[in-house]
Asks: 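Submitted below is the structure of interest, expressed as structure tokens.
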Amino acid sequence: MSDLRQLQFSDLEVAVDDARQLLASGYIRHGNWSLGQICRHLVLVQDLAIGGYPLWMSVYAPLRPLMRWLLLPKLLSGNSPRGFRTSGIFQPPEGLDDAAEVEAFAASVKTLLAHTGDFAPHPGFGKLPPEGILEIHAAHAAHHLRHLSRQGDTE
């Protein structure tokens with residue numbers, strides 16, 4: 001869809017910068033979620049990389065090799081699929097304050113980057129080295145933030 005920005009973040013700090021720029025410039029939605037909702041979703045997902053995912057999510061463990069082979073390259077290349085409904089625990093509510101959620105996202109990223117232990121196995125891709133988990137979360141942020149364009153941009 002031509003309304004979507006082509007985004008790939010080298011790291012999560014660049015994703016935070018992009019969210020802050022969208023907040024400062026204003027933005028146009030090309031998807032279902034506001035900037036605040038996207039940031040809340042990203043926090044909900046990435047905080048579990050440290051705290052651990054719900055046990056019921058391990059039901060996907062047998063599919064992890066297939067998902068690593070089929071979906072992970074698409075996600076990391078910026079060509080992640082659209083239209084998958086996320087679990088209810090990751091659904092952000094309406095009416096969030098964009099500025100507060102951008103700063104919560106920034107704080108979550110800071111916590112992830114400062115983490116020195118192992119990360120929890122990703123529900124879809126399994127146990128990965130820290131740089132792999134951080135790369136997935138940067139790609140996930142790009143996947144969602146691409147649905148917002150800066151006010152006045154002609155992309």
Side-chain angles (χ1 to χ4, degrees), residues 4-24 27 31-82 84-148 150:
L4 301 184
R5 294 186 295 153
Q6 296 298 311
L7 286 182
Q8 281 190 284
F9 297 132
S10 57
D11 60 53
L12 280 164
E13 290 170 319
V14 178
V16 170
D17 291 343
D18 186 68
R20 286 180 170 151
Q21 289 168 13
L22 288 162
L23 180 65
Y27 60 88
N32 296 324
W33 290 344
S34 68
L35 177 59
Q37 287 175 297
I38 289 169
C39 288
R40 171 73 62 90
H41 170 73
L42 295 173
V43 168
L44 290 170
V45 171
Q46 66 194 27
D47 283 359
L48 294 178
I50 294 173
Y53 296 89
L55 189 58
W56 65 264
M57 293 186 104
S58 64
V59 72
Y60 300 109
L63 298 175
R64 287 177 181 162
L66 183 63
M67 291 177 71
R68 258 195 307 266
W69 181 67
L70 285 176
L71 289 179
L72 188 55
K74 286 182 178 288
L75 175 69
L76 297 179
S77 74
N79 187 26
S80 54
R82 295 178 62 190
F84 286 103
R85 291 202 53 84
T86 189
S87 171
I89 66 170
F90 301 124
Q91 287 279 344
E94 295 281 339
L96 294 171
D97 177 77
D98 287 346
E101 297 303 325
V102 167
E103 289 314 307
F105 174 52
S108 174
V109 165
K110 186 175 181 180
T111 299
L112 268 183
L113 296 177
H115 184 68
T116 57
D118 288 335
F119 287 109
H122 187 277
F125 307 120
K127 183 98 173 115
L128 295 168
E131 59 276 6
I133 293 293
L134 295 174
E135 186 179 17
I136 286 171
H137 288 295
H140 183 228
H143 166 77
H144 286 289
L145 289 169
R146 70 184 177 160
H147 290 86
L148 304 175
R150 284 178 190 77

Asks: Heavy atoms, side chains only, cut-off 4.5 Å: are E103 and R20 in contact?
Replies: yes

Asks: Could you tell me the separation between the CG atom of L134 and the CD atom of E13, rounded to the nearest 0.5 Å?
Replies: 10.0 Å

Asks: Restricting to non-hydrogen atoms, name the atom on M67 and the atom on G124 that form the minimum distance, rounded to 0.1 Å.
Replies: CB-O, 3.4 Å

Asks: V16 and A106: which non-hydrogen atoms are nearest, and at how many Å?
Replies: CG1-CB, 3.7 Å

Asks: Using a cut-off of 6.0 Å, state whether more than 12 heavy atoms not belonging to W56 lie near its atom CH2.
Replies: yes

Asks: Parallel, tilted or perpendicular for W33 and H144, by the 30°/60° rule?
Replies: parallel

Asks: For H122 and I133, which heavy atoms make the closest approach, and how far apart are they?
Replies: CB-CD1, 4.2 Å

Asks: Would R150 and D18 pass as an ion pair if we require N to O under 4.0 Å?
Replies: yes

Asks: To the nearest 0.5 angstrom, please state how far the CZ atom of F119 sits from the CD1 atom of I136.
Replies: 11.0 Å

Asks: Among residues two or more places apart or on two chains, list those pairs meeting side chain to side chain donor-acceptor pair (under 3.5 Å) that have a residue in residues 108-118.
Replies: Q46-S108, D47-S108

Asks: I need the minimum non-hydrogen distance between A141 and F9, along with the two atoms involved.
Replies: C-CE1, 3.8 Å

Asks: NE2/H137 to CG/L113 distance, rounded to the nearest 0.5 angstrom?
Replies: 11.0 Å

Asks: Looking only at heavy atoms, which two atoms of P121 and Y53 are closest? And how far apart?
Replies: O-CD1, 3.3 Å

Asks: Supply the atom-to-atom distance H41 NE2 to F90 CZ, rounded to the nearest 0.5 angstrom.
Replies: 7.5 Å

Asks: Can you find a pair of side-chain heavy atoms, one from D11 and one from V14, that are under 4.5 Å apart?
Replies: yes

Asks: Is the side chain of R68 donor-acceptor paired with the backbone N or O of F125 at a distance under 3.5 Å, no angle test?
Replies: yes

Asks: Please check if the number of heavy atoms outside L55 that lie under 6.0 Å from its CG is greater than 12.
Replies: no

Asks: Mind checking the CG-CG spacing from L128 to L72? Nearest 0.5 Å is all I need.
Replies: 7.0 Å

Asks: Hey, what do you get for NE2 (H147) to CG (L35), rounding to the nearest 0.5 Å?
Replies: 14.0 Å

Asks: Is any side-chain heavy atom of L48 closer than 4.5 Å to a side-chain heavy atom of P54?
Replies: yes

Asks: What's the shortest heavy-atom distance between F105 and V43, and which atoms?
Replies: CA-CG2, 3.5 Å

Asks: Using modelled atom types and a 3.5 Å cut-off, is there a donor and acceptor pairing between side-chain atoms of Q37 and backbone atoms of Q91?
Replies: no

